[in-house]
Amino acid sequence: MGLCTVVLLALASLRVNATILTGVVKIGEAASFPALNVTAVDQVQTRYRIALADTVGGTQNPPEQSRSGIEEALKTYRDLAEKEPETYLPNIAATLNDLGILDTDENRIEARKEFEEALKIYRQLAHKKPDIYMRYVAITLNNLGLFEGAGNRLEEALKIYRDLVHRDRATYLPYLATTLNNLGILDSGKNRANKAREEYAESLKIYRELAQKEPDSYLLYVPMILNNLGFLDSAQNRRDEARKEVSEALNIYRELAQKDPEAYLSHVAIALNNLGIFAQDQNHVNEARKEYQEALKIYRGLTEKEPEPYLPYVAATLVNLGILERTQDQPEEARKAFEEALNIYKSLAKQDPDQFSPFVEEVKKHLKNFPK
C-alpha cells in the first residue's frame, strides 16, 4: 500500500530517586522525527535510567545541574575519600552514575567508563554491606546495560531485583518491572520476539498491579508497555493483537489526558495515528480515516501553542491520510493532504535539512503520481 508513517511514542530518560520509583517523571516526544516504514516498525523506546539518591551521595536531579558542578563534586569526593574511603566512596559512585547519565544523554562515550567505575565501587561496598548496596549495584547495571545495549548487564540487574523483591516487595517491584521492560526492548531489537514478549508481559502484569494501588504514580506505565507489545506484534503481523493492545493504551491515555491534557494529548494522538495504520493494513478504511483525522485535529491544536515540536507530527499524519485517500480513489483529498505535508516539510527542511529533506523528497514522489 506504499509508505506509511508510524509515529512512535518515545519517552525521555526517566530519572527517579533510587529509594523510590514514585518521583516526578517527565514525558517528552522524540527529539528526532519519528517516522518509520510500517513494515519495519520497532517497539516504543521506553527506557529508564535511574539516578541515585543523595542518601548515598548522589544528586536528586542531575540533569538540572551543570556538568561543571557534577565534575567539581566528584573531584571533592575523590579528595575526601583518600582520607575517609568508607564515608566518601558511596558519594563517588553516586556522582559517577549521575555523570554517566548526563554523558549518555549527550552521546559521550565517557559514560561507559563512569558507569563501570561506579559499578566497581558498588560491588566492593556490597561485598561488605549487601543489604545497603546491592540495590545500587543493580541500578548501575541497568544504566550501563542501557548504554551498552548489553543483555548480560540487564539480566544481572534483573536477578538482583528478583532477590530484593523477595525481601521487600513494595519497594523493589517497580524496579523489577522497569528492568523487564528494558530487556524486552533489547530482545525485541535483536529479533528475540518470544523472549521480549514474555518480558513485556511480566512487566505489564506488575505495572497493572501497581496501578491498582497507586494509579497516580503507575498508571502511565501501563500504556507504555502496551505500546511496546503492540509494536512487537505489529512487526510479526499479529495485527489483531497489536490493535487490541494499542487500543487499550489509547483508552488509558484518554483517561490521563482528561486530568492533564498538556502532558497526555500528544500521546492520545500518537496512539490514534498508529491505530489508523493498523486499521488501514486490515482494510478498515472508515476506522483508519476517523483515527487519522482525530489525531490530526489534536496535533493542529498542539501546534497552535507549540509549533516546533508538533509540526512534524501534523505532516506525518497528513501523509498517512493522503495515502489512505489515494487508495480510496479520492485524488483531490489525497493531493490536498500531500501538498500541506510538503509545505510543512519544506519549512522544516530550511531549518534542519539533514533531518527533513528526505521527507520533502518522499512527499514529492507521492505527488508525482497525480495527473497535473
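Hydrogens, waters and symmetry mates play no part in the numbers below; they use all other heavy atoms, side chains included.
Under a 3.5 Å cut-off, the side chain of Tyr221 and the backbone N or O of Arg208 do not form any donor-acceptor pair. Glu291 contributes a side-chain N or O that, together with a main-chain N or O of Gly276, makes up a donor-acceptor pair within less than 3.5 Å. Within the 3.5 Å criterion, the main-chain N or O of Leu324 finds a donor-acceptor partner in the side chain of Thr327. Between the Tyr122 side chain and the Ala94 main chain, a donor and an acceptor come within less than 3.5 Å of each other. No donor-acceptor distance shorter than 3.5 angstrom exists from the side chain of Ser234 to the backbone of Gly230, with no hydrogens or angles considered. Looking only at distances, no side-chain donor or acceptor of Ser357 sits under 3.5 Å from a matching main-chain atom of Asp354. Distance alone, capped at 3.5 Å, is enough to place a donor-acceptor pair between the Glu199 side chain and the Gly184 backbone.
Between Arg197 and Asp233, at least one side-chain nitrogen of the basic residue sits less than 4.0 Å from a carboxylate oxygen of the acidic one, meeting the salt-bridge criterion. Comment: Glu262 does not engage Lys305 in a salt bridge, judged by the lack of any side-chain N to carboxylate O separation of less than 4.0 angstrom. Electrostatic pairing of Glu304 and Lys297 does not count as a salt bridge here, judged by no charged N lying under 4.0 Å from a carboxylate O. Between Arg67 and Glu110 there is no salt bridge, since no side-chain N of the basic residue sits under 4.0 Å from a carboxylate O of the acidic one. One finds a salt bridge joining Glu117 and Arg78 here, because a Lys/Arg side-chain nitrogen approaches an Asp/Glu carboxylate oxygen to under 4.0 Å. The pair Lys75-Glu82 does not count as a salt bridge, with every side-chain nitrogen at least 4.0 angstrom from each carboxylate oxygen.
No hydrogens or angles considered: a donor-acceptor pair under 3.5 Å links the side chains of Gln280 and Tyr292. Between Arg289 and Gln330, the side chains place no donor N or O within less than 3.5 Å of an acceptor N or O (distance only, hydrogens not considered). Between Thr178 and Tyr207, the side chains place a donor N or O and an acceptor N or O closer than 3.5 Å (distance only, hydrogens not considered).
Here Leu146 contributes atom CG and Asn182 contributes atom CG; the two are 4.5 Å apart, rounded to the nearest 0.5 Å. Note that CD1 of Ile344 is 5.5 Å distant from CG of Leu311, once rounded to the nearest 0.5 Å. Once rounded to the nearest 0.5 Å, the distance linking CD1 of Ile270 with CG of Asn227 reads 8.5 Å.
With a 6.0 Å radius and a threshold of 12 heavy atoms from other residues, nucleotides or ligands, Glu72 has its CD atom at or below the threshold. Counting non-hydrogen atoms of other residues, nucleotides and ligands closer than 6.0 Å to NZ of Lys336 gives a total of 12 or fewer. By the 6.0 Å contact criterion, CD on Gln212 is open, its count of non-hydrogen atoms from other residues, nucleotides or ligands being 12 or less.
The two atoms that bring Thr95 and Ala73 nearest to each other are CG2-CB, 4.4 Å, heavy atoms only.
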